[in-house]
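First listed ligand is number 1; within each ligand, the first listed atom is number 1.
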Amino acid sequence: MLVVSTWKFGYDANQKAWSVLQDGGSAMDAAVAGVTVTELDTAVRSVGYGGHPNAAGFVQVDAAVMDGRTLGYGAVAGLEGIATPTAVARSVMEATDHVLLVGNGARDFAIDQGFEPQEMLTPDARSAWEDWRKQGEDHDTLPADSHDTIGALALDGNGDLAAVCTTSGIAYKLPGRVGDSPLIGCGLYADNDVGAAVATGRGEEIARTCGAFQIVTLIRQGQTPQEACETVVRHLVDRVPSSAEHQMAYAAIDKDGNVGGAAVRAFPYAVTTEGVNEVREGFRLFSETD
Ligand code: ASP
């Protein structure tokens with residue numbers, strides 16, 4: 001059994017996910033429960049409740065789940081007023097014959113499924129947004145924590161894999177902007193026969209190469225998860241050199257429990273398995289001073 005989550009805040013998500021696995025929960029149960037902790041954590045300004053709003057002051061979140069057993073996928077994008085979008089994405093996968101719901105339709109569906117609507121903009125996030133507006137709405141002066149998705153990968157005791165990711169996207173984005181996170185193959189991919197991968201970083205760059213799908217394909221062809229993550233980061237930067245101005249990061253696992261992580265810049269990610277509970281530094285293409 002194994003859980004891997006992006007960023008340092010993935011550590012808390014992993015604790016929850018690991019306890020679900022230990023109680024006999026599925027990889028999907030564990031991954032969703034793990035990232036729900038992050039979605040509800042107001043200290044994390046780039047995910048769920050307490051996330052940064054869009055330019056108009058509304059928190060719009062994106063989330064997705066993928067089930068490695070069936071290649072089943074469900075996602076929501078531009079969802080407002082629901083604090084746990086990953087659970088809604090799971091409901092899209094399990095309770096509809098669609099894969100992606102957006103905007104008001106996603107919100108109406110969530111309410112129909114019993115999710116409670118609530119205000120998502122916390123006083124802290126509102127005051128940071130008001131400061132940004134007073135300073136002239138300059139997109140070059142975003143807060144330090146202006147983005148960062150939590151992506152989680154889980155391998156359960158039955159050998160099943162799940163990948164999930166959830167984000168409020170980029171702070172002060174254009175209303176309606178959707179990043180890579182809810183897009184299958186870009187933000188996440190999982191296939192029980194091979195492995196699973198998730199992405200974080202600037203969605204406009206990540207979406208160019210369908211990197212999560214590429215990583216799983218490269219693992220299928222014989223690369224380790226570490227090699228596959230590095231291959232995809234290098235390929236994107238070689239193919240589109242301007243993308244190197246942004247952060248792009250991937251974490252991956254294979255069906256045997258091997259782990260990898262690589263990024264353009266510093267990328268800590270959390271790994272939890274029997275006897276291991278730690279934050280690792282991913283391979284980075286550039287140091288902070290490059
Ligand atoms: N990938 C997310 C997005 O572009 C943000 C991030 O992970 O940094 O919406």
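In this structure, Glu278 contributes its side chain and Thr272 its backbone to no donor-acceptor pair below 3.5 Å.
Among the atoms of Arg177, some N or O lies under 3.5 angstrom from an N or O of ligand 1. Backbone and side-chain nitrogen or oxygen atoms of Arg202 are examined, and none is located within less than 3.5 angstrom of a nitrogen or oxygen of ligand 1. Taking any N or O of Asp62, backbone or side chain, none lies under 3.5 Å from an N or O belonging to ligand 1. Among the atoms of Ile170, none of the N or O lies under 3.5 angstrom from an N or O of ligand 1. The distance criterion of under 3.5 Å between nitrogen or oxygen atoms is not met by Ile206 with respect to ligand 1.
Counting heavy atoms from C-beta on, the side chains of Tyr49 and Thr42 come closer than 4.5 Å.
One hydrophobic cluster, built from ILVMFWY side chains closer than 4.5 Å, cannot hold both Met120 and Ile170; they sit in different ones.
Taken to the nearest 0.5 Å, the NZ atom of Lys173 stands 11.5 Å off from the NE2 atom of His52. Of the inter-residue distances, the one linking Asn158 atom CG with Asn192 atom CG reads 9.5 Å to the nearest 0.5 angstrom.
Shown in contact with Gly201 at under 4.0 Å from a heavy atom are these atoms of ligand 1, numbered in order with element: 1 (N), 2 (C), 3 (C), 4 (O), 5 (C), 6 (C), 7 (O), 8 (O). The contact set between ligand 1 and Thr200, taken as ligand atoms under 4.0 Å from a residue heavy atom, comprises 6 (C), 7 (O), 8 (O). Listed by atom number, the atoms of ligand 1 under 4.0 Å from Asp180 heavy atoms are 1 (N), 2 (C), 3 (C), 4 (O). Each of the atoms 9 (O) of ligand 1 lies under 4.0 Å from some heavy atom of Gly169. Within ligand 1, the atoms closer than 4.0 Å to a non-hydrogen atom of Thr149 are 1 (N), 2 (C), 5 (C), 6 (C), 7 (O), 8 (O), numbered from 1 in the order shown. Listed by number with element, the atoms of ligand 1 under 4.0 angstrom from any heavy atom of Ser181 are 1 (N), 2 (C).
Atom 8 (O) of ligand 1 has His147 ND1, 2.5 Å as its closest protein atom, hydrogens excluded (heavy atom only).
Applying the side-chain contact (heavy atoms from CB on, under 4.5 Å) test between Gln214 and each of Leu236, Ile219, Thr209 identifies Thr209 as the sole match.
Here the closest non-hydrogen pair linking Cys165 and Gly187 is SG-O, 3.8 Å.
Summarising the local packing, CD of Glu116 is surrounded by 12 or fewer heavy atoms from other residues, nucleotides or ligands at distances under 6.0 Å.
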